[in-house]
Asks: 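Handing you a structure now.
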Amino acid sequence: MPDELGTVDSLGLTYVHIPVQFSAPKEADLLAFFEAMDSHRERKPWIHCASNMRVSAFIGLYRVVRQDWDVVCAFDLMRGLWKPNEVWTSFIEAAIERHRG
């Protein structure tokens, strides 16, 4: 979208851009996503990415880590869209191990 920020602002929504490199997701990316979700908890989120792959993994992680969902159920959305490659599988597993108390 040529003016994504302007379009989102014109609709009265809060725009939070978290650029995640598909081939190298970072812990900082995930933490930024968690912060955005947590700080807008009282509102309905509109979350997207170009192919919904990155965001579906992040939503699954948010559900597990912040909302205490069962891991299998938390990633139903992601599994309906794609099968994570080795990079993303490792990232997801490490994030769950690191953040789930």
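What you see below is based on every heavy atom in this structure, not just the backbone, and it leaves out hydrogens, waters and symmetry mates. Given the structure is predicted, the values throughout are model-derived calculations rather than measurements.
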Asks: Would you say the side chain of Val64 lies within less than 4.5 Å of the side chain of Phe75, judging by non-hydrogen atoms?
Replies: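 With C-beta onward as the side chain, the pair touches.
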Asks: If Ile, Leu, Val, Met, Phe, Trp and Tyr residues are connected whenever their side-chain heavy atoms lie under 4.5 Å apart, and connections chain through other members, are Ile92 and Leu77 in the same group?
Replies: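 Result: yes, single cluster for both.
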Asks: Evaluate side chain to side chain contact (heavy atoms under 4.5 Å, CB included) for Asn52 paired with Trp82, printing each intermediate quantity in order.
Replies: CA-CA 9 Å; Asn52 289 323; Trp82 70 299; over 6 Å; no
Asks: Looking at Ala36 and Ser39, what are the two nearest heavy atoms and their distance?
Replies: O-OG, 3.3 Å
Asks: How far apart are the C-alpha atoms of Val55 and His48, what are their side-chain angles, what is the distance that settles it, and do they pass the side chain to side chain contact (heavy atoms under 4.5 Å, CB included) test?
Replies: CA-CA 6 Å; Val55 75; His48 79 94; 5.7 Å; no
Asks: Would you kindly confirm whether Trp88 and Val65 end up in one hydrophobic cluster when ILVMFWY residues are joined by side chain heavy atoms under 4.5 Å apart?
Replies: yes
Asks: Could you check if a side-chain atom of His40 sits within less than 4.5 angstrom of a side-chain atom of Pro45, using non-hydrogen atoms only?
Replies: no
Asks: Is there side-chain contact between Phe33 and Ile47, with at least one heavy-atom pair below 4.5 Å?
Replies: yes
Asks: Which atom names give the shortest non-hydrogen contact between Val72 and Asp70, and what distance separates them?
Replies: N-OD2, 3.1 Å
Asks: Can we say Arg54 and Asp29 salt-bridge, meaning some charged N sits less than 4.0 Å from an Asp/Glu carboxylate O?
Replies: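 Looking at Arg54 and Asp29, the cut-off is not met.
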Asks: Around atom CD of Gln67, are there more than 12 heavy atoms of other residues, nucleotides or ligands at under 6.0 Å?
Replies: yes
Asks: Hey, does the side chain of Ser56 reach the backbone of Met53 with a donor-acceptor pair shorter than 3.5 angstrom?
Replies: yes
Asks: With a 4.5 Å limit on heavy-atom distance, are the side chains of Val71 and Arg100 in contact?
Replies: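 The answer is yes, as the side chains (C-beta and beyond) meet within the 4.5 Å cut-off.
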Asks: Would you tabulate the side-chain donor-acceptor contacts of residues 19-28 under 3.5 Å, counting partners in other chains and residues two or more places apart, or write 'none'?
Replies:
residue, atom, partner, partner atom, Å
Gln21, NE2, Ser23, OG, 3.3
Glu27, OE1, Arg98, NE, 3.0
Glu27, OE1, Arg98, NH2, 2.7
Glu27, OE2, Arg98, NE, 3.4
Glu27, OE2, His99, NE2, 2.5

Asks: Donor-acceptor pair, distance only, cut-off 3.5 Å: does the side chain of Arg79 make one with the backbone of Cys73?
Replies: no
Asks: For Leu11 and Trp46, what are the C-alpha separation, side-chain angles and deciding distance, and is it a side chain to side chain contact (heavy atoms under 4.5 Å, CB included)?
Replies: CA-CA 12 Å; Leu11 295 170; Trp46 175 276; over 6 Å; no
Asks: Using atom types as modelled and distance alone, determine if a side-chain donor or acceptor of Ser10 lies under 3.5 Å from a backbone N or O of Thr7.
Replies: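 Present.
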Asks: Considering only heavy atoms from C-beta outward, does the side chain of Val16 approach that of Ile18 to under 4.5 Å?
Replies: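 Yes, at least one pair of side-chain atoms sits under 4.5 Å.
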Asks: Name the orientation class of the two ring planes belonging to Tyr15 and His17 (parallel below 30°, tilted from 30 to 60°, perpendicular beyond 60°).
Replies: parallel
Asks: Do the non-hydrogen side-chain atoms of Tyr62 and Leu30 ever get within less than 4.5 Å of each other?
Replies: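 No, every pair of side-chain atoms sits at 4.5 Å or beyond.
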Asks: Does Met78 reach the side chain of Ile59, with side-chain heavy atoms less than 4.5 Å apart?
Replies: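 Not in contact.
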